[in-house]
Amino acid sequence: MKPTTLLIMAAGIGSRFGAGIKQLEPVGLNDEIIMDFSIHDAIKAGFNKIVFVIRPDIESDFKERIGDRVEEICGKLNIEVAYASQTLQDIPGELPADRTKPWGTGQAVLSAKSLIHESFAVINADDYYGKAAFKVMHDWLILDHAENAIAMAGFILKNTLSDHGGVTRGVCKVAEGHTHVIDVVETSNIVKTVEENTGAVGAEADGVELDPESYVSMNFWGFPAKEGSDPWYMGVLEEGFTDFFKTTVPANPLKAEYLLPTHIGGLLRDGKVTVKVLETNDKWFGVTYQEDKVAVVESIRNLIETGVYAEDLYNDL
């Protein structure tokens, strides 16, 4: 079968609330964390290589908490596991004084450039996407596509909001028939609203109402590669990172971020790529705020109780 890689952006996992990777709250019945479910679903869908993007300072704890377990499971299944390091210093320019903020998801993907020579998908480490999303993404990646084709697992905005505060999403404008993305706009501070009389869920950002049925990017992207060639997108992403340092960083050296939705949105507006929407009915969930943890744990446990997952998660591979 055509090789396909899942790249998991895990450099920031465990740091959002000041907790170490080893202290991440389990959501499964056998100490599994959210990432375990994504890895399980990817293997089940047919992905045959896993690449973790982590920070060097968490490598030991990361392997203890999840990496060693995944390597053992993947070794039995002949699935390769590799690690890439995302650092502040790995940049096409000079590190701004006092910069401590990571450079963003675009740099996370570039950190794995030397490890990926086949079609690949990208996900966030701490988001739950559902089985169907991995299946449709894998099945798209093993087909032949133009080198500048991209796929996006499409989630509905109202299903990705937190009850506890604003979130950032790549809000998409899609073509009629929901087949392709026309534009992606990284939008911050999107808050959930509820219509008092009907209970209908809505969304707004800084007082501007958004369509709650809009597709949004949850950073689950797919990038094809021609047989015998590296993925075209990696080269374009690298060129964009160089431009980012020339044009964006000087204006905001301490906080500028190189983000996948922003980069892909720019390529779309310039007519350089196409982005296919891969629809999924699975519900996304993740932990944006500490208060979200309870709902995430309950949701995962419900999926186990209803038979979507085995109590021993990896037992059915």
Side-chain angles (χ1 to χ4, degrees), residues 4-9 34 37-38 41-42 44-47 105-106 109 119-143 145-146 148-162 167-188 190 192 200-205 209-224 231 233 259-269 271-286 288 296 299 303 308:
T4 49
T5 289
L6 178 69
L7 187 155
I8 302 176
M9 298 182 290
I34 290 177
F37 289 84
S38 292
D41 293 345
K44 195 80 171 175
F47 285 87
T105 51
V109 174
S119 298
F120 73 103
V122 175
I123 63 167
N124 293 332
D126 50 1
D127 290 346
Y128 173 84
Y129 296 97
K131 287 185 173 183
F134 288 94
K135 177 63 175 170
V136 296
M137 181 63 76
H138 173 267
D139 290 353
W140 185 86
L141 286 172
I142 62 175
L143 299 176
H145 300 285
N148 66 335
I150 296 172
M152 181 196 80
F155 291 84
I156 302 302
L157 174 58
K158 69 178 182 182
N159 294 332
T160 71
L161 302 175
S162 172
V167 298
T168 298
R169 301 286 182 255
V171 179
C172 301
K173 180 180 180 181
V174 299
E176 187 176 351
H178 299 168
T179 57
H180 283 80
V181 179
I182 298 172
D183 195 8
V184 184
V185 178
E186 188 79 348
T187 306
S188 59
I190 304 176
K192 181 178 181 179
V201 174
E204 62 178 42
E209 187 174 341
L210 303 175
D211 180 359
E213 301 294 334
S214 297
Y215 279 102
V216 293
S217 155
M218 300 307 299
N219 267 337
F220 193 166
W221 303 96
F223 306 99
Y233 181 71
L259 303 174
L260 286 178
T262 301
H263 183 250
I264 293 171
L267 294 175
L268 273 170
R269 288 187 287 277
K272 294 181 178 179
V273 297
T274 61
V275 179
K276 172 71 173 176
V277 178
L278 303 180
E279 296 188 74
T280 171
N281 293 320
D282 283 341
K283 182 174 172 57
W284 169 95
F285 42 82
T288 304
V296 170
S299 296
L303 291 171
V308 176

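Small disclaimer: the values here were computed from a predicted structure and weren't measured.
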Closest approach of [X] to [Y] (non-hydrogen atoms, all atoms of both residues):
X	Y	result
L6	A42	CD2-CB, 3.5 Å
S119	L141	OG-O, 3.7 Å
M152	C172	SD-SG, 3.6 Å
V296	G286	CG2-O, 3.6 Å
W221	P261	CZ2-CA, 4.1 Å
S38	I123	CB-CD1, 3.7 Å

Any chance you could measure [X], atom [atom1], to [Y], atom [atom2], to the nearest 0.5 Å?
X	Y	atom1	atom2	result
E204	K192	CD	NZ	13.5 Å
I182	T274	CD1	OG1	12.5 Å
L278	F155	CG	CZ	10.0 Å
S299	K283	OG	NZ	7.5 Å
D183	I264	CG	CD1	12.0 Å

side-chain contact (heavy atoms from CB on, under 4.5 Å) evaluation trace for N148 with K272: CA-CA 7 Å; N148 66 335; K272 294 181 178 179; 5.8 Å; no
Could you give me the CA-CA distance, side-chain angles and deciding distance for N219 and D127, then say whether side-chain contact (heavy atoms from CB on, under 4.5 Å) is met? CA-CA 9 Å; N219 267 337; D127 290 346; 5.8 Å; no
Under the salt bridge (charged side-chain N to carboxylate O under 4.0 Å, His left out) test, residues paired with E213 that sit two or more places apart: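 By the salt bridge (charged side-chain N to carboxylate O under 4.0 Å, His left out) rule, E213 matches K158.
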Sequence-distant partners of D211, salt bridge (charged side-chain N to carboxylate O under 4.0 Å, His left out), two or more places apart: none
With the side chain counted from C-beta on, respond yes when [X] and [Y] share a heavy-atom pair under 4.5 Å apart, and no when they do not.
X	Y	result
T160	V167	no
I34	F285	no
N124	M218	no
V171	I190	yes
T280	Y129	no
V273	L268	yes

Only counting residues at least two apart or in another chain, list the ones meeting side chain to side chain donor-acceptor pair (under 3.5 Å) with T5. E118
[X]: ring pair (Phe, Tyr, Trp, His ring centres under 6.0 Å) partners, not counting sequence neighbours:
X	answer
H145	W140
H263	Y233, Y258
Y215	H178

Is there a side-chain contact (heavy atoms from CB on, under 4.5 Å) between F223 and V122? Walk through the geometry before answering. CA-CA 8 Å; F223 306 99; V122 175; 3.9 Å; yes
CA sep, side-chain torsions, deciding dist, call: Y128, L303, side-chain contact (heavy atoms from CB on, under 4.5 Å): CA-CA 12 Å; Y128 173 84; L303 291 171; 3.4 Å; yes
Taking atom types as modelled, find out whether W284 and D282 have a side-chain donor-acceptor pair closer than 3.5 angstrom.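 Side chains of W284 and D282: no pair found under 3.5 Å.
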